[in-house]
Number of protein chains: 2
Amino acid sequence: MVRLMCGGRDWMKKKSTLRDVARQSGVSVATVSRVLNDSQSVTEKTRVRVSAAIEDLGFVPSAAARSLNSGRTRTIGALVPTLDHSIFARYLNALEDRLSELGYGLIVSVTNGSGDIEVKKAHNLLDMGVEGVIVSGRSHAEGLNRLLRRFDVPMIITSYFDPLADYPTIGYNNAAIAESALRYLRDLNHRHVAVLHGPLEGNDRIEARLDGLKRAQGDVTLEFVETELSVKGGAEGILQAKIDRQSTTAVLCLSDVQALGALFELQRQKISVPQDVSLMGFDNLEWSSISNPGITSIALPAAKMGLKAAEAMASWLTTNFPAEPLDLKAEIVSRGSTRKI
Amino acid sequence: MVRLMCGGRDWMKKKSTLRDVARQSGVSVATVSRVLNDSQSVTEKTRVRVSAAIEDLGFVPSAAARSLNSGRTRTIGALVPTLDHSIFARYLNALEDRLSELGYGLIVSVTNGSGDIEVKKAHNLLDMGVEGVIVSGRSHAEGLNRLLRRFDVPMIITSYFDPLADYPTIGYNNAAIAESALRYLRDLNHRHVAVLHGPLEGNDRIEARLDGLKRAQGDVTLEFVETELSVKGGAEGILQAKIDRQSTTAVLCLSDVQALGALFELQRQKISVPQDVSLMGFDNLEWSSISNPGITSIALPAAKMGLKAAEAMASWLTTNFPAEPLDLKAEIVSRGSTRKI
DNA sequence: TAGCTTTATGTAACCGGTTACATTTATGGC
DNA sequence: GCCATAAATGTAACCGGTTACATAAAGCTA
């Protein structure tokens with residue numbers, strides 16, 4: 001095998017180029033380029049001839065050469081904290097689909113909720129030439145802001161709504177949503193609510209939700225328990241909250257991931273849901289509608305957010321006008337895990 | 001704002017180039033390139049001067065120009081069927097981390113289990129210049145094979161082990177693992193087992209698992225129920241399997257996602273787990289260790305598979321020798337959802 | 001100091017497409 | 001057939017880095 005003798009990347013140079021196609025079809029490189037990019041100014045006869053050469057040679061245009069010349073990659077980068085538990089799956093699916101319709105590709109990078117990793121991953125994306133960056137949450141390391149300024153690339157924030165933020169936000173008002181959740185429980189006559197939430201560190205969505213709860217507290221006693229954003233964290237949160245059937249009548253988890261763990265732990269302790277304690281989650285993940293009982297949850301507009309973010313970014317890149325903030329609405333899905341007392 | 005008057009992408013041309021850096025630091029473009037790529041043949045004095053100009057100008061190298069010249073992107077593409085339920089999250093995290101250590105970037109694309117989407121996404125990845133492609137499962141549309149040959153890019157298959165496959169497989173033997181699961185239940189004296197599995201269509205991992213079960217059947221009666229690969233699908237599978245406490249003593253779900261739904265449905269029907277029916281899953285997803293009872297599950301070597309695939313691909317690209325097939329072992333994690341009868 | 005060797009740096013071509021401007025060909029009208 | 005115009009196509013420069021080979025500078029030894 002001669003190929004195995006070459007070592008390294010020599011075989012990479014064997015691929016045909018636009019010049020090969022031009023030579024074989026007897027036209028200039030400009031005509032080949034026109035056939036590839038613009039069918040208006042080439043005759044059908046010539047187009048057929050060029051297309052046959054492309055097919056015959058297995059010609060594949062170089063994206064690097066193309067973007068070097070056009071100054072565009074038509075690629076957008078998205079940074080998300082995690083791929084776990086489908087939290088971002090619906091949003092990413094919608095984002096990618098809509099961007100694709102608008103002629104853009106999407107590259108996703110995972111930050112594990114770390115500011116340092118986020119800067120590093122953003123740098124990678126920008127190195128690759130992404131034309132825009134879409135992030136989750138409002139607060140980001142100063143390093144990220146500096147990077148975006150340096151690369152002069154637009155950024156859109158999702159999962160958050162704040163018309164006054166430094167970058168346009170396309171998402172939802174976390175504080176208001178948390179308030180409506182508390183109102184929902186209050187209307188069911190709950191006056192002692194344990195709130196299970198993930199790590200506060202660098203997570204402005206959780207912070208805003210807690211602010212909203214504290215603001216709407218009124219005559220409701222709230223107990224806050226910070227725990228891991230995982231199923232396990234939910235179970236541990238129940239242990240920490242010391243649910244004893246006597247005072248706390250409801251548990252509000254700021255994520256359905258934790259709500260699943262909380263449900264399991266309550267069942268383990270023979271604490272009946274919703275007889276003894278009502279349980280509510282956030283994000284309406286799939287299991288919340290299948291669980292026993294179904295978990296009352298806040299359905300966040302993930303797919304719509306992805307779609308709108310895609311459109312906003314494409315528009316920004318085309319018109320050079322920044323995106324407008326957009327407040328998407330969430331809604332409460334009632335299920336068997338909550339009851340009136 | 002003059003910038004807002006430019007429209008389109010004019011501001012893209014204002015960024016500094018390697019030539020600007022060379023001019024400002026009074027050296028040639030070759031020296032600037034050497035400072036960027038190789039610190040051995042440049043004096044410290046020159047290096048400092050060039051670095052200052054880079055910082056001053058906010059110079060950012062063009063990845064397109066660099067890859068056009070070097071013939072490399074140092075980027076690998078991975079195709080996965082879904083981002084849902086963390087099924088692939090551990091594998092992708094490990095893959096990306098190890099590739100990064102080896103000097104490669106990773107781009108992930110989701111295929112939604114569709115052959116057509118897979119070909120389209122692969123085309124996008126190859127257009128972007130990825131140097132290798134890593135896929136899940138052995139069977140793929142012929143269009144994908146053609147694409148890879150056309151681009152002359154190496155491919156590695158994961159989540160499957162078959163030393164005779166057309167491309168190297170780095171994963172696990174699905175048939176053997178399913179056999180061991182059945183053996184485990186059989187050793188607990190289960191002789192009637194309902195098997196819940198996702199859609200067979202184009203999913204060779206499930207197919208292999210079923211083959212393994214049929215081969216290992218012996219004196220065990222198996223009932224196969226095809227259902228959606230989702231929590232909901234698991235619940236519906238229980239309804240379809242008509243678990244009645246009389247004959248079927250165990251339910252084997254070929255995914256923990258379905259096992260979660262099955263657990264909920266069994267509880268809804270007041271069928272006690274494991275008293276009335278034992279329940280077993282596949283993949284040892286997080287909730288299986290937290291649920292009530294914990295779900296006995298097969299722990300697949302996702303992280304190790306990601307790590308080994310990364311190393312195999314990097315090695316292949318460096319040495320031009322194809323990767324060797326690798327059979328990673330799974331292990332059964334016993335929990336409260338199964339019992340001896 | 002001169003000559004030789006090693007180190008540091010520069011020049012110009014190149015990578016593979018795109019496209020402004022130039023040139024050729026085709027078409028329609030008189 | 002000739003002329004004007006439109007359509008089709010070609011030429012050469014360019015994008016922004018990389019690097020082979022050439023040249024200059026530095027270091028060492030006799």
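These numbers come from a predicted model, not from an experiment. Throughout, a chain's letter reflects where its sequence line sits, starting with A, and its residues are numbered from 1.
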If the test is side chain to side chain contact (heavy atoms under 4.5 Å, CB included), which one of A/Asn145, A/Ile156, A/Asp162 qualifies with A/Tyr167?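 Answer after filtering A/Asn145, A/Ile156, A/Asp162: A/Asn145.
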
Please lay out, stage by stage, how B/Ser114 and B/Thr111 fare under the test side-chain hydrogen bond (donor to acceptor under 3.5 Å, both in side chains). CA-CA 6 Å; B/Ser114 147; B/Thr111 63; over 6 Å; no

Applying a 4.0 Å non-hydrogen cut-off, can you work out what [X] is touching in the nucleic acid: base, sugar-phosphate, or nothing?
| X | value |
| --- | --- |
| B/Ser70 | nothing |
| A/Val60 | sugar-phosphate |
| B/Val21 | nothing |

Can you see if the side chain of [X] gets near the phosphate of [N] - specifically, an N or O under 4.0 Å from OP1 or OP2?
| X | N | value |
| --- | --- | --- |
| B/Ser62 | D/dG16 | no |
| A/Thr17 | C/dG16 | no |
| A/Asn37 | C/dT18 | yes |

Exercise: identify the closest heavy-atom pair between A/Val80 and A/Phe88: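 Where A/Val80 meets A/Phe88 most closely, the heavy atoms are CG1-CD2, 4.0 Å.
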
Between B/Leu317 and B/Glu131, what is the shortest heavy-atom contact and its length?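 Minimum heavy-atom contact is CD2-O, 3.3 Å.
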
Return the value, rounded to whole Å, for the distance between atom [atom1] of [X] and atom [atom2] of [N].
| X | N | atom1 | atom2 | result |
| --- | --- | --- | --- | --- |
| B/Lys45 | C/dT7 | NZ | C1' | 15 Å |
| B/Leu68 | D/dG17 | CG | P | 12 Å |
| B/Arg23 | D/dG17 | CZ | P | 12 Å |
| A/Arg49 | D/dG10 | CZ | C1' | 13 Å |
| A/Asn69 | C/dC15 | CG | P | 14 Å |
| A/Arg19 | D/dC14 | CZ | C1' | 12 Å |
| A/Arg72 | D/dG16 | CZ | C1' | 19 Å |
| A/Asp127 | D/dG16 | CG | P | 16 Å |

[X] side chain: which of [options] is closest?
| X | options | value |
| --- | --- | --- |
| A/Thr46 | D/dG10, D/dT19, D/dT9 | D/dT9 |
| A/Val27 | D/dG17, D/dC14, D/dG10 | D/dG10 |
| A/Thr31 | D/dT9, D/dT19, C/dG16 | D/dT9 |
| A/Phe59 | D/dG16, C/dT9, C/dG17 | C/dG17 |

Quiz question: by atom type and distance under 3.5 Å, do the side chains of B/Thr318 and B/Ser315 form a donor-acceptor pair?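 Short answer, no.
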
Closest-nucleotide mapping onto DNA chain D: is A/Val29 or A/Thr43 further toward the 5' terminus? I mean the 5' end.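 The answer here is A/Thr43.
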
On DNA chain C, check which nucleotide each of B/Gly26 and B/Ala65 is closest to and give me the residue with the more 5' one.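 It is B/Gly26 whose nearest nucleotide is closer to the 5' end.
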
I'd like to know if the side chain of B/Lys308 and the backbone of B/Ile170 have a donor-acceptor N/O pair within less than 3.5 Å.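 No, B/Lys308 side chain to B/Ile170 backbone: no donor-acceptor pair under 3.5 Å.
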
Are any protein N/O atoms closer than 3.5 Å to N/O atoms in nucleotides 21-24 of chain D? If there are, list each pair with its distance.
none

So, are B/Arg49 and B/Glu44 salt-bridged, with charged N and O less than 4.0 Å apart?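 A salt bridge is absent here (no side-chain N lies under 4.0 Å from a carboxylate O).
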
Ion pair check, B/Glu96 and B/Arg90, cut-off under 4.0 Å: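 A salt bridge is absent here (no side-chain N lies under 4.0 Å from a carboxylate O).
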
Hey, does the side-chain of A/Arg66 have a donor or acceptor N/O within less than 3.5 Å of a partner on the base of C/dG16?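 No such pair is found, so the answer is no.
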
